J.: 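Sharing a structure, written as structure tokens. Questions coming.
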Number of protein chains: 2
Amino acid sequence: MDNIRRGNKQLIKELNRAILINTILNYGPVSRTRISEITDLGLSTVSNIVADLIKKELIYETGEEESSGGRRAILLEFNCNDRFVLGIKIGLDGIIIGLVNMKSKILDQHFIPSPVKSNEEIVLEVLIRAIRDLISKNHIKAEKILGCGIGVSGLVNQKEGTLVFSKILGWKQIRFKELLEKEFDFPIFVDKDVNVLTLTEKRFGVGKKINNFICITIGKGVGAGIVIKGDIYHGSYGGAGDFGHIIIDKDGPLCYCGKRGCLETFSSDQFIINKIKEALSNQQDTIIKDFLKKKEDLNSITVDTVLEAAQKGDVISKNIFQEVGKSLAIGIVSLVSLFDPELIVLGGEGVKAGELIFPTMRKVIRDNFPFKKEIKIVPLQPGEEGWIIGAAELVLSEVFKTPIFKSKGKVAIKSAFHW
Amino acid sequence: MDNIRRGNKQLIKELNRAILINTILNYGPVSRTRISEITDLGLSTVSNIVADLIKKELIYETGEEESSGGRRAILLEFNCNDRFVLGIKIGLDGIIIGLVNMKSKILDQHFIPSPVKSNEEIVLEVLIRAIRDLISKNHIKAEKILGCGIGVSGLVNQKEGTLVFSKILGWKQIRFKELLEKEFDFPIFVDKDVNVLTLTEKRFGVGKKINNFICITIGKGVGAGIVIKGDIYHGSYGGAGDFGHIIIDKDGPLCYCGKRGCLETFSSDQFIINKIKEALSNQQDTIIKDFLKKKEDLNSITVDTVLEAAQKGDVISKNIFQEVGKSLAIGIVSLVSLFDPELIVLGGEGVKAGELIFPTMRKVIRDNFPFKKEIKIVPLQPGEEGWIIGAAELVLSEVFKTPIFKSKGKVAIKSAFHW
DNA sequence: TAGATACTTTCTTCACTGAAACAAGTATCT
DNA sequence: AGATACTTGTTTCAGTGAAGAAAGTATCTA
């Protein structure tokens, strides 16, 4: 209540423009009359606002509809290629950068191999060059870029736009926002990679119309993006959704995070590798042996090695994935108890092993909720687009944010509703 | 965005009235000029709205302030005793019912001993009589009652206003809303007891200015009320916050809920009783023996018995409480990993044993987060007011809800901003 | 040409706004 | 004590500009 703007003509104006633009985004191409019907705004009001928005080049007329017995309707469309957004995903393998239009369509994307194990300066240098290259290659004026969103693995301070710490990347304290904003004239937004992927699912994917859901990523680590009442939930200090570090075994083994019995100690890539190494050193019968050139070459084993073995029918390997499935299920059971979500989405590298993990996982979940009707669990198609679109969405969601709330402090980005 | 009202004069009007009433509620008694400063509304606007609200008897002038060098300010106050709300808490021991004014002050309250193990009809009958008695005893016209909030232990369907199932009360499928609304002309709101208590803390207690926090109740069961972005989070099906049934030991003992290793199997009243019985049957040395008249009278042991023993220094009993503390800590660690809240509040019967439980709990939490700065954990004073105020708040929060959102379906309650 | 549908123009309404007027006090000087 | 200046709080009133209503225009079909 306290953070709501007072009512005056300015608010009405912005609000109705927001409603109108959103209607065109969702229903477009669409006529004035139809907009009036959908939004319940007066026809003259719609006409006036439309005229204003056309003048400002935010929308444009794009032909006529078939007649339905009278004058043909003039269709309106959002001018989504007038300005652009950059979406960046920083991963262990490298950086993916994409140019995205205002309707979240990827226009161009590039991959820059990893500058991992680098320090702040080098990472930033690579990013700056990548951004400049992308902009110039697409012949876009820099002032047409609305902003840049970055998704990165680790603990992120959203407000400061810094990566506080990332175990996987081996980085800490990288001031993306501050340093990139020095270089460019558009705002930078940073968030955890899981949250970025979750955002994509919320806006365009399986979570589109769902208010409360959780998107779990399985891979090097285990994380979760939490959507509550339609928004990503970050927690008070940005650390929410640390699904990999809930405790599923109170007297379990020590985790690198300092706790005991974390889910991640039973389900991450490292767990799989450790398990298979253990099996090998116990002389257990697994075809992984045949994969190794030298017998001692244990360090060359990756999750993909084990996955391949399991897919070829190796029992030991299959069992390991099943065990991962069981542990994930235990974690999900707790998630469901706490969040009671409508949907759980599974993403990340780990879905590649889905066939091996999910059946056990689903079974354990079912067994644990005998009185509850089946919980909707949907695996995601792997791919890079999700990350880019989500990162770009960090910017777009700000641009198209409902103009009802007071903006405290200096405004990071100008809302589309008073361009 | 889709659920936001379109901008027009009506919205401006309601919005500014809402802002003004809220300002008076928060800062009152307060002058027109001060309201203008706080809200940023024009002075003439404030005067106009005030005149309107005085006419509608929502606010009134209540004397003058000391002069600060000029004309004395006329103070305005919210007319909080013009209408009333009922708050009911249904517990194992009985029903507490309270008459609450619009500023959440309890004006009268009564206790009706338990109709537990009764069927739907009897429970409803008792409630109806209790409500009638309270209203007539206080000489209040029924039309002055805005609504009635009910807090009850168990799984609640908020929308339907039903208790779906309660293990503790042994009830299922009680249609509070439907049946009580047949009897009375005001709307009924039902929520889980934990959420009701949490609501009180959010509005008036330690959580007042905190956006994200969790309120844990310890007692017959273990539950949690979750506050996210200032609102209680219910989950998609009303089951969120089932903290007692997160899994802290994946291979732990079977819980009555059908899962294995639930927190509640390590921390509820039943756990404490079972543990002490076990100790007694193992002939361990505890002064509880002396408490029992007959040696075999094991079933007379309650948590209070064990608590008394522990407070008298009984080592076995003390250890049990410490074990509870440890298990709760493990659960809280997972909560923190998932929610990253600013604050954790501890309430419920269990706080009586706080001295025995909390030190261990805090230590285990600290040990588990070596890299994290201390987490704020605040125990609550036990008492009944919290339940009543929270239950009443279920109604008041609807009455004073920000008038920005579209109300879908038929409106449950008329907002104060267009009385 | 009648009827339907889409859009535009013109005019009205009404809640906020800001400036000025008014009201009622304090401070200070004679 | 009375006059004057200043301060603070409230009301009045003309003005603004957004939505909205109604009437008019444009364009299509049958």
Side-chain angles (χ1 to χ4, degrees), chain A residues 4-20 23-24 27 29-55 59-76 403-404 417-418, chain B residues 4-20 23-24 27-56 59-76 403-404 417-418:
Chain A
I4 281 176
R5 288 172 57 181
R6 67 179 202 274
N8 54 18
K9 273 173 272 197
Q10 183 60 30
L11 177 68
I12 293 189
K13 199 173 166 180
E14 285 179 37
L15 209 51
N16 288 341
R17 271 158 180 68
I19 290 171
L20 205 143
T23 308
I24 297 181
Y27 296 83
V30 60
S31 72
R32 291 168 175 81
T33 309
R34 183 92 188 87
I35 294 174
S36 166
E37 285 164 15
I38 294 168
T39 60
D40 215 29
L41 285 162
L43 192 50
S44 52
T45 308
V46 171
S47 271
N48 280 327
I49 297 176
V50 162
D52 179 44
L53 294 179
I54 287 178
K55 209 173 68 189
I59 60 177
Y60 61 94
E61 297 185 338
T62 178
E64 295 182 337
E65 207 171 12
E66 283 290 279
S67 167
S68 60
R71 175 173 169 178
R72 284 197 291 249
I74 304 165
L75 292 173
L76 299 163
I404 279 196
F417 313 124
H418 41 218
Chain B
I4 282 177
R5 290 172 57 180
R6 68 178 199 276
N8 54 17
K9 272 174 282 197
Q10 185 60 29
L11 178 68
I12 294 188
K13 203 172 161 180
E14 284 179 37
L15 210 51
N16 287 342
R17 271 156 181 70
I19 290 171
L20 204 143
T23 309
I24 295 181
Y27 297 82
V30 59
S31 71
R32 291 167 173 82
T33 310
R34 183 94 186 84
I35 293 174
S36 166
E37 285 165 12
I38 294 168
T39 60
D40 215 29
L41 284 163
L43 206 43
S44 48
T45 309
V46 172
S47 270
N48 281 328
I49 297 176
V50 162
D52 179 43
L53 294 178
I54 286 178
K55 208 173 70 189
K56 286 179 180 151
I59 60 175
Y60 61 95
E61 298 185 336
T62 178
E64 296 182 335
E65 206 169 17
E66 282 289 280
S67 166
S68 59
R71 177 173 169 178
R72 284 193 294 244
I74 303 165
L75 293 173
L76 299 164
I404 279 198
F417 313 126
H418 41 219

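All values below come from the heavy atoms of this structure, side chains included, with hydrogens, waters and symmetry mates left out. Everything numeric here is computed off the predicted structure, so don't read it as measured data. We name chains A, B, ... by the order of the sequence lines, and we start the count at 1 in each one.
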J.: Taking OP1 and OP2 of D:dT11, is either one under 4.0 Å from a side-chain nitrogen or oxygen of B:Arg32?
T.: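 It does, given that an N or O in the side chain of B:Arg32 lies less than 4.0 Å from OP1 or OP2 of D:dT11.
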
J.: Please assess B:Glu61 against B:Leu76 for the test side-chain contact (heavy atoms from CB on, under 4.5 Å), listing each intermediate value before the final yes or no.
T.: CA-CA 5 Å; B:Glu61 298 185 336; B:Leu76 299 164; 3.7 Å; yes

J.: Can you check whether B:Ser47 has a side-chain N or O nearer than 4.0 Å to OP1 or OP2 of D:dT11?
T.: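 Yes, within the criterion.
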
J.: Please tell me if B:Asn8 has a side-chain N or O lying less than 4.0 Å from either OP1 or OP2 of D:dG20.
T.: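 For D:dG20, OP1/OP2 do have a side-chain N/O of B:Asn8 under 4.0 Å.
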
J.: Around atom OH of A:Tyr27, are there more than 12 heavy atoms from other residues, nucleotides or ligands closer than 6.0 Å?
T.: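 Check fails, neighbour count at 12 or below.
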
J.: Let me know the distance between CD of B:Glu14 and C1' of C:dC14, rounded to the nearest Å.
T.: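 From B:Glu14 CD to C:dC14 C1': 15 Å.
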
J.: Where do A:Ile35 and A:Leu41 land on the side-chain contact (heavy atoms from CB on, under 4.5 Å) test, with the steps shown first?
T.: CA-CA 8 Å; A:Ile35 294 174; A:Leu41 285 162; 5.6 Å; no

J.: Can you tell which of A:Asn16, A:Ile54, A:Ile19 makes a side chain to side chain contact (heavy atoms under 4.5 Å, CB included) with A:Ile49?
T.: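 Testing A:Ile49 for a side chain to side chain contact (heavy atoms under 4.5 Å, CB included) against A:Asn16, A:Ile54, A:Ile19 leaves exactly one candidate, A:Asn16.
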
J.: Tell whether A:Lys9 reaches the base of C:dT17 with its side chain through a donor-acceptor pair below 3.5 angstrom.
T.: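 No, the side chain and the base share no sub-3.5 Å donor-acceptor pair.
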
J.: Could you check how far CG of B:Leu15 sits from P of D:dA18, rounded to whole Å?
T.: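 Going from CG in B:Leu15 over to P in D:dA18 covers 17 Å.
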
J.: Going by side chain to side chain contact (heavy atoms under 4.5 Å, CB included), B:Leu20 matches just one of B:Asp52, B:Thr39, B:Val46. Which one?
T.: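 Only match with B:Leu20 under side chain to side chain contact (heavy atoms under 4.5 Å, CB included): B:Val46.
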
J.: Categorize A:Ile49 for me: base, sugar-phosphate, or nothing, with a 4.0 angstrom heavy-atom threshold over every strand shown.
T.: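 Result for A:Ile49 = sugar-phosphate.
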
J.: May I ask you to say what A:Thr33 touches in the nucleic acid, namely base, sugar-phosphate or nothing, with a heavy-atom cut-off under 4.0 Å?
T.: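 Since only primed, P, OP1 and OP2 atoms lie under 4.0 Å of A:Thr33, the category is sugar-phosphate.
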
J.: Under a 4.0 Å N-O cut-off, is there an ion pair linking B:Arg17 with B:Glu14?
T.: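 No salt bridge links B:Arg17 with B:Glu14.
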
J.: Go through the N and O atoms of the side chain of B:Ser31 and the base of D:dG9, and report whether any donor-acceptor pair is under 3.5 Å.
T.: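 No.
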
J.: Test for a donor-acceptor pair under 3.5 Å between the base of C:dA15 and the side chain of B:Thr45, counting only N and O atoms.
T.: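 Answer no: no donor N or O sits under 3.5 Å from an acceptor.
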
J.: If you find the nucleotide of DNA chain C closest to A:Glu37 and the one closest to A:Arg6, which residue's nucleotide is nearer the 5' end?
T.: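 The residue whose closest nucleotide sits nearer the 5' end is A:Glu37.
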
J.: Using atom CG of A:Leu20 as one end and atom P of C:dC7 as the other, report the distance to the nearest whole Å.
T.: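 It is 13 Å, rounded to the nearest whole Å.
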
J.: Atom CD of B:Glu64 and atom P of C:dG25: how far apart are they, to the nearest Å?
T.: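 In whole Å, C:dG25 P lies 7 Å from B:Glu64 CD.
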
J.: Between C:dT17, D:dC28, D:dA26, spot the one nearest the side chain of A:Arg71, thanks.
T.: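 Shortest atom-to-atom distance from the side chain points to D:dA26.
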
J.: Take atom CG of A:Leu11 and atom P of D:dT16, then tell me their distance rounded to the nearest Å.
T.: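 Going from A:Leu11 (CG) to D:dT16 (P), I get 22 Å.
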
J.: Taking for each residue the nucleotide of DNA chain D with the nearest heavy atom, is it A:Arg72 or A:Asn48 whose nucleotide lies nearer the 5' end?
T.: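 Its nearest nucleotide lies further toward 5', so the answer is A:Asn48.
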
J.: How long is the line joining CD of A:Gln10 and C1' of C:dT17, in whole Å?
T.: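 My rounded result for the distance is 13 Å.
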
J.: Take the protein atom CZ of B:Arg5 and the nucleotide atom P of D:dA19, then report the distance between them rounded to whole Å.
T.: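 After rounding, the reported distance stands at 15 Å.
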
J.: Applying a 4.0 Å non-hydrogen cut-off, can you work out what B:Leu43 is touching in the nucleic acid: base, sugar-phosphate, or nothing?
T.: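 If one applies the 4.0 Å heavy-atom cut-off, B:Leu43 turns out to touch a base.
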
J.: Find the partner of D:dT29: check Watson-Crick (N1-N3 plus N6-O4 or O6-N4) and G-U wobble (N1-O2, O6-N3) distances, both under 3.5 Å, and reply none if neither fits.
T.: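 With both distances under 3.5 Å, D:dT29 matches C:dA2.
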
J.: Within less than 4.0 Å of OP1 or OP2 of C:dA15, is there a side-chain N or O belonging to B:Asn16?
T.: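 Answer no for this pair, as no side-chain N or O of B:Asn16 is under 4.0 Å from OP1 or OP2.
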
J.: My understanding is that a pair needs two contacts under 3.5 Å, Watson-Crick or G-U wobble. By that rule, which nucleotide pairs with C:dT30?
T.: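 Across any shown strand, C:dT30 pairs with D:dA1.
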
J.: Distance check needed: C:dT8 C1' versus A:Ile54 CD1, whole Å only.
T.: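 Checked: the CD1 to C1' distance equals 13 Å.
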
